[in-house]
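What follows is a short report on a single structure.
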Amino acid sequence: MMKSKIIKPIHVVVLGLAISIGPGLGGFFIGKAIDRFKASEKSVTVKGLSERVVDADKSQILITMHEKTDDIAMAAKMLQDELIIVKKMLVDSGFKIENIKDSIHIHEESIPYQEHQIPFYKKYNYEIRLKIDGYDKEAIEKFNNDLLKIRITGKMLNVSASETHTFTKLEEIRAPMLAEATKSARAMADQFAKDSGTHVGGILKASQGSFSITGEKDTSGSEHYSHDTPASIKKRVRVVSNITFRLE
């Protein structure tokens with residue numbers, strides 16, 4: 001009889017909290033928020049969650065211009081002309097010229113070619129790579145839009161760009177997020193205690209989960225995921241704490 005009286009309130013509590021906190025976090029708490037209840041020890045272990053969406057504060061853009069040719073001089077001339085245009089686009093977008101670093105890479109390959117009765121001829125992959133460090137959301141968006149407009153016209157189709165955005169200021173929000181997770185756990189324990197006819201006492205044991213940083217759209221609800229989405233400027237920061245409270 002004791003078992004049935006305890007289990008029923010747990011489902012009521014979890015369902016009520018899932019409705020009150022909304023569908024996003026509700027999926028996380030259902031079946032997970034209350035880890036275990038020990039009548040013999042008069043304690044309950046619950047999960048507390050804290051989650052925030054923040055902007056990345058560090059970025060790196062890699063731009064590659066490439067041309068496959070058997071005439072290095074011609075490829076070099078064409079890509080150098082495009083390099084001037086791309087650098088101007090970056091500066092006009094708001095990037096500082098001193099933060100733009102370029103390098104040249106030439107890869108040689110031998111390609112079978114039998115029409116002229118010679119076994120191979122030389123082919124070269126000529127690349128110019130640009131690396132831009134420094135976070136500037138507006139500059140990134142403007143450059144991407146300008147490059148897209150040019151590519152739509154059929155020009156500079158050999159220019160590709162990739163972005164990596166990271167959030168490096170976790171220490172600035174670590175303490176308040178842990179406090180939020182603890183508050184969340186206590187609210188869950190208080191509701192459980194109320195419905196089971198007990199009162200929440202002090203913390204017996206607390207275990208802080210690891211912080212995870214992912215792309216903003218990652219709402220999987222798992223407390224264990226830790227893979228970032230590099231191309232996402234906005235990041236989702238999450239921490240889950242496991243806390244055991246004494247019941248009185």
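Residue numbers run from 1 in the order of the sequence given.
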Out of curiosity, T214 OG1 to R236 CZ, how far, rounded to the nearest 0.5 Å? 6.5 Å
With the threshold set at 4.0 Å, does a side-chain nitrogen-carboxylate oxygen contact exist between K77 and D81? yes
In this structure, CD of E172 is separated from CZ of F167 (nearest 0.5 Å) by 7.0 Å
As a test of understanding, state which of K234, K235, R238 forms a side-chain contact (heavy atoms from CB on, under 4.5 Å) with V53. K234
Show your working on side chain to side chain contact (heavy atoms under 4.5 Å, CB included) between T69 and M78 and close with a plain yes or no. CA-CA 11 Å; T69 180; M78 183 178 68; over 6 Å; no
Rounded to the nearest 0.5 Å, how far apart are CG of N144 and CE of M89? 9.0 Å
Taking atom CD of E248 as the centre, does the number of heavy atoms from other residues, nucleotides or ligands within less than 6.0 Å exceed 12? yes
Atom pair CZ/CD1 of F143 and I61 - distance to nearest 0.5 Å: 7.0 Å
Minimal heavy-atom distance between H165 and S59, with the atoms involved, is ND1-OG, 2.6 Å
When you measure from the side chain of R186 to the backbone N and O of I243, does any donor-acceptor pair fall under 3.5 Å? no
Is the shortest distance from a Lys or Arg side-chain nitrogen in R174 or E171 to a carboxylate oxygen in the other one below 4.0 Å? yes
Taking atom CG of L90 and atom NZ of K87, what is their separation to the nearest 0.5 Å? 9.5 Å
Nearest 0.5 angstrom please: E67 CD to N125 CG, how far? 9.5 Å
Counting only heavy atoms not in H105, do more than 12 fall under 6.0 Å of its NE2? yes
